[in-house]
> 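My structure is below; once you've seen it, I'll send some questions.
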There are 4 protein chains.
Amino acid sequence: MNTFGNIYRLTSFGESHGPGIGGVIDGCPPGIELDMEFIQRELSRRKPGQSRITTPRKEDDEVQFLSGIYEGKTTGTPIGFIVWNKNQHSSDYENLKTVYRPSHADYTYQMKYGIRDPRGGGRSSARETIARCVAGAIAKLILRQYGIQIQAYTSQVGSIKLAGSYKDYDLSRTEENPVRCPDPEKAAEMEKLIAEMKGKGDTIGGIITCVAKGVPVGLGEPVFGKLHAALGHAMLTINAVKGFEYGDGFDAALYRGSERNDRFFNDNGHINVRTNHSGGIQGGISNGQDIYFRVAFKSVATILMDQETVNMQGEDTILKARGRHDSCVLPRAVPIVEAMTAMTILDYLLLQKTR
Amino acid sequence: MNTFGNIYRLTSFGESHGPGIGGVIDGCPPGIELDMEFIQRELSRRKPGQSRITTPRKEDDEVQFLSGIYEGKTTGTPIGFIVWNKNQHSSDYENLKTVYRPSHADYTYQMKYGIRDPRGGGRSSARETIARCVAGAIAKLILRQYGIQIQAYTSQVGSIKLAGSYKDYDLSRTEENPVRCPDPEKAAEMEKLIAEMKGKGDTIGGIITCVAKGVPVGLGEPVFGKLHAALGHAMLTINAVKGFEYGDGFDAALYRGSERNDRFFNDNGHINVRTNHSGGIQGGISNGQDIYFRVAFKSVATILMDQETVNMQGEDTILKARGRHDSCVLPRAVPIVEAMTAMTILDYLLLQKTR
Amino acid sequence: MNTFGNIYRLTSFGESHGPGIGGVIDGCPPGIELDMEFIQRELSRRKPGQSRITTPRKEDDEVQFLSGIYEGKTTGTPIGFIVWNKNQHSSDYENLKTVYRPSHADYTYQMKYGIRDPRGGGRSSARETIARCVAGAIAKLILRQYGIQIQAYTSQVGSIKLAGSYKDYDLSRTEENPVRCPDPEKAAEMEKLIAEMKGKGDTIGGIITCVAKGVPVGLGEPVFGKLHAALGHAMLTINAVKGFEYGDGFDAALYRGSERNDRFFNDNGHINVRTNHSGGIQGGISNGQDIYFRVAFKSVATILMDQETVNMQGEDTILKARGRHDSCVLPRAVPIVEAMTAMTILDYLLLQKTR
Amino acid sequence: MNTFGNIYRLTSFGESHGPGIGGVIDGCPPGIELDMEFIQRELSRRKPGQSRITTPRKEDDEVQFLSGIYEGKTTGTPIGFIVWNKNQHSSDYENLKTVYRPSHADYTYQMKYGIRDPRGGGRSSARETIARCVAGAIAKLILRQYGIQIQAYTSQVGSIKLAGSYKDYDLSRTEENPVRCPDPEKAAEMEKLIAEMKGKGDTIGGIITCVAKGVPVGLGEPVFGKLHAALGHAMLTINAVKGFEYGDGFDAALYRGSERNDRFFNDNGHINVRTNHSGGIQGGISNGQDIYFRVAFKSVATILMDQETVNMQGEDTILKARGRHDSCVLPRAVPIVEAMTAMTILDYLLLQKTR
């Protein structure tokens, strides 16, 4: 199942060490001026080697469009694109051909399909998300015309976390540091922790918070296409994601209706709410308030330490991982979270036009 | 979007105070013997009025099958069914026609569709989940043939929570108390808290944990149909759900790869794992271990207290809610969580047959 | 696969001799005033027993709506409905339990599913089309608001055929005779032929022509959702249909480009075409001209004559059919062709709004 | 809508004069050995410049696979591929930028999307079918393992037609002549007619017949996924197709049930039929007999003669077409008909596994 979306649909393909990663965007509205620099910039936000805390792999990820564009504008026909793989070191993975890496997808892919491409994790590699970033960048360009803005940031790495809500930070400062955290002090702590992990060959998890502003009231398709269910699904398809919560999220379990209901009031002639515990969505439909949610990422499974595991024959063995890997995916996952959010909101915005 | 699933598909319909709630199950394998008592029992697990802590509404929910069954067995043709609404007190909702209830879907439905059925919340009522319980019960019957068992339970109400993992409890005791919590002592505390809320006309949230045992390795369809993404989507479509996490979930943020990787080992000739932090799913594909996840529910929005709100004209008003409502949805949501889990796993099990 | 459509979706259920035939319409725009008399009238156009040439079965087909409507208007939530089966004589089919009727679906259903409901053909009965007529009637009500009108008629029964194109007849006279043919003289001949078939216990095939007027330019979704492909698919799902052609259809094989290209010209300031061999669709997209097409129906498989066949054990036997059957489906298939056309055009009209 | 299929799904992209034509095949079973020579040969069957009666455009269509294959076998992950466009003469189309060609898709694309790529017809070019041939070739490789064979041939060009059914010809001789007609004499006549058309700058239509042998009983998904409806839909998505009929097709209108019912009989212990007027499908489900159908193609719209038309301003003008075009698409459409048939049958074969 490599197609995402109902109207604005991305079908993606590609393995980590194959010729490239690409996709086809179908259902994109016609006449959209494509800001190629913006798209490339979005793509570069997820690329490796951006800073000393990300993997030193140099992936010069450049998107080549193959169709659906004429004189710089979308034509309404499918947009094919590819980012060619370069600088892949498949030999790094030679020893993985017959070994199942702990907490990786090697074993399950082998069991499901009876065959797998072991080079760099094949299809299970997070390099797959390149296609999402391209489709997400185009979605962002379209959403911008509707005044919708999406901003994600790293809110937790290990036990270092931002205490406040997204409203307590100047999100425009997110890109100022390599961990993409809007609080410079916490960012420095996180960066230090990640560097420490890197030094040990270990990895660490974290949480990304995302906010969508300007989403009009009315998006979402009850009962199985509730907007938060679509967003949750989108986030959970991202590599290493273990949880999703929106509005009060898991904390909602703790509170009473009398404490957490979002009371309506007449705000100078407009209906407004006193609080936004709902996270901008009620009954699965956007209510015009900020939509915010949090996404939990586990630590990267590849650690540069010896690990007990088995080979394809089921024999016990010790895995000595090599390769160039991230010690923490959070910084590079921020644009991916945004991309999936943008695609989802655009998709439901287009669906709402059928009403 | 009222259809759920890819192969085993439920299309549901119905409003709280209309003629009934029903659905059509398409893609159900033929030749399945339908244990009508089991189906009815599953349906009764979610019905109101089961105990003193649930709403006193007496909904005598009986399913009537309309098609797809011959001599007690499924025929492979669509299974239509309906549960007629009885005992509805629409007059209780007369005053809601022009008022938007805080944290309810009244406002968003009105804005989205320009019209809404105000009686009992209409389509946004949790009564809609009846259809899911019916389709889920049939899914369970089929999964049983594959040795797959699904068990959910209330693990938290307000701040009263079970300290251990699902392995620390005898889940067969879940149905022994009205809150559906396998720990009798905690169950008693939860029951007391819910009763207290009820006395005050207030409500409280909580968390449901669900475990699926016996799921074979290989289910899940990367990259957009990862099994946990499908489960998360399924859970997030349930009324009042605010969050989903599987395996280590949000806690995964805190740990290092070296601490939480699930190491493989040769277990008397079979490949096994020393731990199951992954929650039975790796790379979006089941690995044969127990699948477990947690679902967060907010407190019910309807409280029997005066609340500030606005009417359809946007004027400030005070809502004096009446009606018969749950003070905590958790006990009745347990079978719904199980139903959505069963449908999802069956759907992916059938998809896997196309390999 | 019992769901039809992308945005305006019908999911249908029901067998000939089960409790009833029904469906769920999802994606219907909200706020549509439902003219219940019109819907019932459309349904009555397909019911048996309308005239001496149709089956004498008296099916008092009345639709009961189950959801999605509030104060006479659609609410945007799914519209469930059912037409209860009455007056079924299942005993007529007792002898069919173990016999495969020639050119019927008994054998293929048994082979596919390993089980079948033999009463009245079960799901393979044309009684299933009731659901289509209901969903089609609502689609027509919506299309009417866009000035789109759909009219089908019987253009051939056996070798008796209308010589001219749809433009040569006053289509408003279609309902004046029981065969639904706008040419009264040909209609009389057709009626006589059908009566003759009936007298012999035999059956006869024919062709229905359909015209959609007022379809705006721009509907259709290349390359796999070309409008004529969607219409062709829709028609081919109707029982007994063997062929579909639009515009010049099979005759197009005979002609040269220089003879049949539809030349554009400036028609008092508007772009128009001199001819419409294309049938209102070019490149899979409507061009604003009349859309017309023809649908071929085979003779009804059930004949009241002794027929050689086999039983479920594969033994040769003689089938002595009983029951009350049509000698020609054409007259009653006219509203079904219209219903499927209406649903298809509405669906693509809604899709076009996402551009 | 550029995705075809339910389980075995092709998403295609590409314009005639863009970088290339490609696609993504999702849901392909893993472990399939890809015979690259076979795939390339299938692709070459549709390429221009094969003989003196096809367009002299030299399109050296070579497929490059981008993903989903490891050591020559499919891995179950999406198979991306591209055929790069070469030898395109976009300047030939410079004059078409502002002119609507009669019976082409220029006008409808412009009206639908508000923008179009005028070079070579853009997305509406039949060059798009390259992607279908690639996906169809892989489908054929898989079907071969099930003993299913698909063979199409040109059965009519203009008024020159084969009198007999597919059983009257040695279909293995189809590829012996450039028109792909198994009757050498008729083939010669057809070739002469096409050459004559070419000499005049005119074009001619025709009919392709297709037969699928070895399809097991049980494929097809009533009521909206009837096998013939899926095949009809598939055929009608091919450029220039105007009609589809299967089994007796439009002729079925002429006959009586007593004449055309396919009687079952015990054929040495197996259930067989005396005739196959049904075309191998009953009730929308394959019955194990040969599936055969016919597809009508109109004459190519591009003729090298002056034609009356309008420009984008709606002004009358004369179109003087240039470029290198086919005078008859039939010979090159034969592999496309086969490809769409193969994809459809494989898709339904995989669907049937979910029963």
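Note: hydrogens, waters and symmetry copies are ignored here, and every other heavy atom, side chains too, is used.
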> Once side-chain hydrogen bond (donor to acceptor under 3.5 Å, both in side chains) is applied, do any residues pair with A:H228, and if so which ones, sequence neighbours excluded?
A:Y246
> So, does A:D316 use its side chain to make a donor-acceptor pair with the main chain of B:F265 at under 3.5 Å?
no
> Just by distance, do the side chain of A:T203 and the backbone of B:G257 share a donor-acceptor pair under 3.5 Å?
yes
> At a 4.5 Å cut-off on heavy atoms, which part of A:Y255 comes close to chain B: side chain, backbone, both, or neither?
backbone
> Counting distance only, does the side-chain N/O of A:N2 pair as donor-acceptor with the main-chain N or O of B:V223 below 3.5 Å?
yes
> Given A:E245 and B:R294, is the salt bridge (Lys or Arg N to Asp or Glu O under 4.0 Å) satisfied, shown in steps?
CA-CA 11 Å; A:E245 61 178 8; B:R294 300 188 340 131; over 6 Å; no
> Not counting sequence neighbours, which residues clear ring-ring contact (aromatic ring centres under 6.0 Å, His included) with A:F297? List them please.
none
> Measure distances from B:N272 to the heavy atoms of chain A and classify the residue's part below 4.5 Å as side chain, backbone, both or neither.
neither
> Where the side chain of A:D262 meets the backbone of B:P102, is there a donor-acceptor pair that is under 3.5 Å apart?
no
> Are the side chain of A:K242 and the backbone N or O of B:D248 linked by a donor-acceptor pair below 3.5 Å?
no
> Check whether A:K112 reaches the backbone of B:G220 with its side chain - one donor and one acceptor, N or O, closer than 3.5 Å.
yes
> Check whether A:S124 gets within reach of chain B through its side chain, its backbone, both or neither, counting any heavy atom under 4.5 Å.
neither
> For chain B, find which of A:A229, A:A105, A:S12 contributes the most heavy-atom pairs closer than 4.5 angstrom.
A:A229
> Does anything in residues 227-236 of chain A pair up under salt bridge (charged side-chain N to carboxylate O under 4.0 Å, His left out), and if so which pairs, sequence neighbours excluded?
none
> Do the two ring centres, one from A:F4 and one from B:F224, sit under 6.0 Å apart?
yes
> Please assess B:I285 against A:M111 for the test side-chain contact (heavy atoms from CB on, under 4.5 Å), listing each intermediate value before the final yes or no.
CA-CA 9 Å; B:I285 300 169; A:M111 290 296 110; over 6 Å; no
> Indicate yes or no for a side-chain donor-acceptor contact from A:K298 to the backbone of B:A252 under 3.5 Å, with no hydrogens or angles considered.
no
> Just by distance, no angles: are the side chains of A:T108 and B:N287 close enough, under 3.5 Å, to form a donor-acceptor pair?
no
> Chain A heavy atoms under 4.5 Å from B:N261: which part of the residue, side chain, backbone, both or neither?
both
> Does anything in residues 307-314 of chain A reach chain B? List residues with heavy atoms under 4.5 Å apart, or say none.
A:Q307, A:E308, A:T309, A:V310, A:N311, A:G314
> So A:Q282 and B:R101, side-chain contact (heavy atoms from CB on, under 4.5 Å) or not? Walk me through it.
CA-CA 11 Å; A:Q282 274 157 341; B:R101 292 171 297 166; over 6 Å; no
> What residue, out of A:K200, A:R260, A:R123, has the most heavy-atom pairs lying under 4.5 Å from chain B?
A:R123
